[in-house]
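Data block below; observations after.
So that the names make sense, note that chain A is the first sequence line, chain B the second, and so on, each numbered from 1. Just so it is clear, the values below take in all heavy atoms, side chains as well, and ignore hydrogens, waters and symmetry mates.
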Amino acid sequence: MQIPEGVVGQTIYAVRRRAKYVLIELDTGCLILHLGMSGHISIVNQGESIGVHDHVDFVLDHGLIFRLTDPRRFGSLHWQPHPAESHWLLADLGVEPLSDAFSAAYLIDQCRGRKVAIKNRIMDAKVVVGVGNIYANEALFRAGIRPRRAAGRVRRDLIARLVDAIKETLERAIDKGGTTINDFAATDGKPGYFSQELSVYGRAGEPCLVCSSNLKEIRLGGRSTVYCPSCQA
DNA sequence: ATAGTCACCTGAGCGC
DNA sequence: TGCGCTCAGGTGACTA
């Protein structure tokens, strides 16, 4: 976390997003912020007591404080002179999942000849960003694809379905305010309600909502992976 | 080059 | 009640 003294006094003129990074544009460069698993931003009054997990305060000129809190410290904060996209964290990122660039043709091309599991492929930020473990599980269920199947051996029509499933899953989750598992909260401090709509994640051993088969759990890339052995080929 | 594993960190949840 | 163990996850670093 190397933030130069020079940011003091600069104007915030835009706040953008790329992948899971928040980009705060200042005069000469950009603050690149990742909230990790458990981080959040809050705007508090000056004099507000500092909690054990509060790590950074930016004092704004109207007296309010832009505060970064991150209990598990998986987040990060970086500085990059313009343009932000030249930062090494952003330079090699894949396409945005809700953009037109994330198409069936694109993902088919990205999977061609790959032996890595399809789940790992769609979670690879060099391919497509924003697909975390929960949404990867859900999207693969929606598309009817077994998570461990080699990316290069998934039928083209199923990959096309997967692209749609990823978009639908993410859009639905955003609509519901995100997915609260333990302590996640949206920008307004409220929990996200997509967790109530999870079909497979966190439901290992329970019946599939479609066919009632027992949902199976495996580990892929060190992450919990749940699927229906009957619905997902 | 590609694929697989590990570490980071802390709170929650569990068994004893 | 309280201790100690395990687990969760995004992502970069490392190994094979």
Integer-rounded Å distance: C:dG10 C1' and A:His78 NE2: 12 Å
Separation of atom CG in A:Leu220 from atom P in C:dG10, rounded to whole Å: 14 Å
Taking NZ from A:Lys126 and P from C:dG12, how many angstroms apart are they, rounded to a whole number? 7 Å
So does A:His34 get a side-chain nitrogen or oxygen closer than 4.0 Å to the phosphate oxygens (OP1/OP2) of C:dT11? yes
Just to be sure I understand the rule, does A:Gly132 reach a base, reach only the sugar-phosphate, or reach nothing, if contact means heavy atoms closer than 4.0 Å? sugar-phosphate
Report the residue (A:His53 or A:Arg121) whose heavy-atom-nearest nucleotide on DNA chain B is the more 5′ of the two. A:Arg121
Set out, in order, the CA-CA distance, both residues' side-chain angles and the distance that settles side-chain contact (heavy atoms from CB on, under 4.5 Å) for A:Glu96 and A:Val129, then state yes or no. CA-CA 6 Å; A:Glu96 289 286 335; A:Val129 300; 3.8 Å; yes
Looking only at side-chain atoms of A:Arg72, point me to the closest of B:dG4, C:dG10, B:dC9. B:dC9
Rounded distance (Å) that lies between atom C1' of B:dG4 and atom NZ of A:Lys119: 14 Å
Ring pair (Phe, Tyr, Trp, His ring centres under 6.0 Å) pairs, two or more places apart, involving residues 9-33 of chain A: A:Tyr21-A:His34
Do the charged groups of A:Asp70 and A:Arg73 touch, with an N to O distance under 4.0 Å? no
Quick one: do the A:Thr28 and A:Gln10 side chains pair a donor with an acceptor below 3.5 Å? yes
Check every atom of B:dA3, C:dA8, B:dT10 against the side chain of A:Arg73 and return the nucleotide holding the closest atom. B:dT10
Among the nucleotides B:dC9, C:dG12, C:dA8, which one has an atom lying closest to any side-chain atom of A:Ser224? C:dA8
Between the base of B:dT5 and the side chain of A:Arg223, is there a donor and acceptor pair under 3.5 angstrom? no
From the list B:dC8, B:dA3, C:dA13, which nucleotide is the closest neighbour of the side chain of A:Trp88? C:dA13
State whether A:Arg219 places a side-chain N or O below 4.0 Å from either non-bridging phosphate oxygen (OP1 or OP2) of B:dC6. no
What is the separation between atom CG on A:Asn120 and atom P on B:dA3, rounded to the nearest whole Å? 10 Å
